Amino acid sequence: QVQLVESGGGLVQPGGSLRLSCAASGAIFSPNVMGWYRQAPGKQRELVASITKSGNTNYAESVKGRFTISRDNPRNTVYLQMNSLKPEDTAVYYCNAALTIWGQGTLVTVSS
């Protein structure tokens, strides 16, 4: 059984940076698409960014130019570098693999 384990969330001031990591463990697993989603209080979960095994990326308009998704295929690990964070980026961030497997989520709070 595959598990996704996220890390790197926390409290950061507006304008600051955080780096999220998500490592897949368990059965042999090499998904084509891995990504990050987020869910703010009272809102639906939304796609933040995704990346294919070949490195093609897709970003939500709200994070373009500020967030960067990357991937280490041999380690089945995906990263999300978040710069110039805004209060509206506050949410629980979830790692996803193959559109079907979810991590437990990590809280990112952007506040002064």
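Just so it is clear, the model here is predicted, and its values are computed rather than measured. All residue numbers in this chain count up from 1 along the given sequence.
Here OG of Ser25 is found 14.5 Å from CZ of Arg75. Values are rounded to the nearest 0.5 Å. For the atom pair CD (Gln3) and SG (Cys22), the distance works out to 11.0 Å, reported to the nearest 0.5 Å. We find the OG1-CG distance between Thr68 and Leu80 to be 8.0 Å, quoted to the nearest 0.5 Å.
Applying the ring-ring contact (aromatic ring centres under 6.0 Å, His included) definition to pairs two or more places apart or across chains, none involves residues 42-93.
Hydrophobic clustering of Ile, Leu, Val, Met, Phe, Trp and Tyr side chains at less than 4.5 Å, counting indirect connections, keeps Val5 apart from Tyr94. Residue Ile69 is grouped with residue Leu85 when hydrophobic side chains (ILVMFWY) are merged at heavy-atom distances under 4.5 angstrom, including chains of intermediate members. At a threshold of 4.5 Å between side-chain heavy atoms, the hydrophobic network of Ile, Leu, Val, Met, Phe, Trp and Tyr places Val92 and Val78 in two separate groups. Tyr37 and Met82 fall into different hydrophobic clusters, where Ile, Leu, Val, Met, Phe, Trp and Tyr residues are linked whenever their side-chain heavy atoms come under 4.5 Å apart, directly or through other members.
Arg71 places a side-chain heavy atom less than 4.5 Å from the side chain of Lys53. Put simply, the side chain of Arg45 does not reach to within 4.5 Å of the side chain of Asn96, judged on heavy atoms. Considering only heavy atoms from C-beta on, Thr106 stays 4.5 Å or farther from Cys95 through its side chain. Between Val108 and Leu20, some side-chain heavy-atom pair lies under the 4.5 Å cut-off.
By the side-chain hydrogen bond (donor to acceptor under 3.5 Å, both in side chains) test, Thr100 pairs with no residue at all, sequence neighbours left out. In terms of the salt bridge (charged side-chain N to carboxylate O under 4.0 Å, His left out) criterion, residue partners of Glu61 (sequence neighbours excluded) are, by chain and number, Lys64.
Looking only at atom types and distance, the side chain of Ser54 has a donor-acceptor partner in the side chain of Thr52 under 3.5 Å away.
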One pair to check against side-chain hydrogen bond (donor to acceptor under 3.5 Å, both in side chains): Ser17 and Asn83. What are the steps and the verdict?
CA-CA 4 Å; Ser17 298; Asn83 298 328; 2.9 Å; yes

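Distance alone, capped at 3.5 Å, is enough to place a donor-acceptor pair between the Thr90 side chain and the Val110 backbone. A donor-acceptor contact shorter than 3.5 Å links the side chain of Glu6 to the backbone of Gly105.
In terms of heavy-atom proximity, Arg66 sits nearest to Asp89 at NH1-OD2, 2.8 Å.
Within 6.0 Å of CD in Glu88 there are more than 12 heavy atoms belonging to other residues, nucleotides or ligands.
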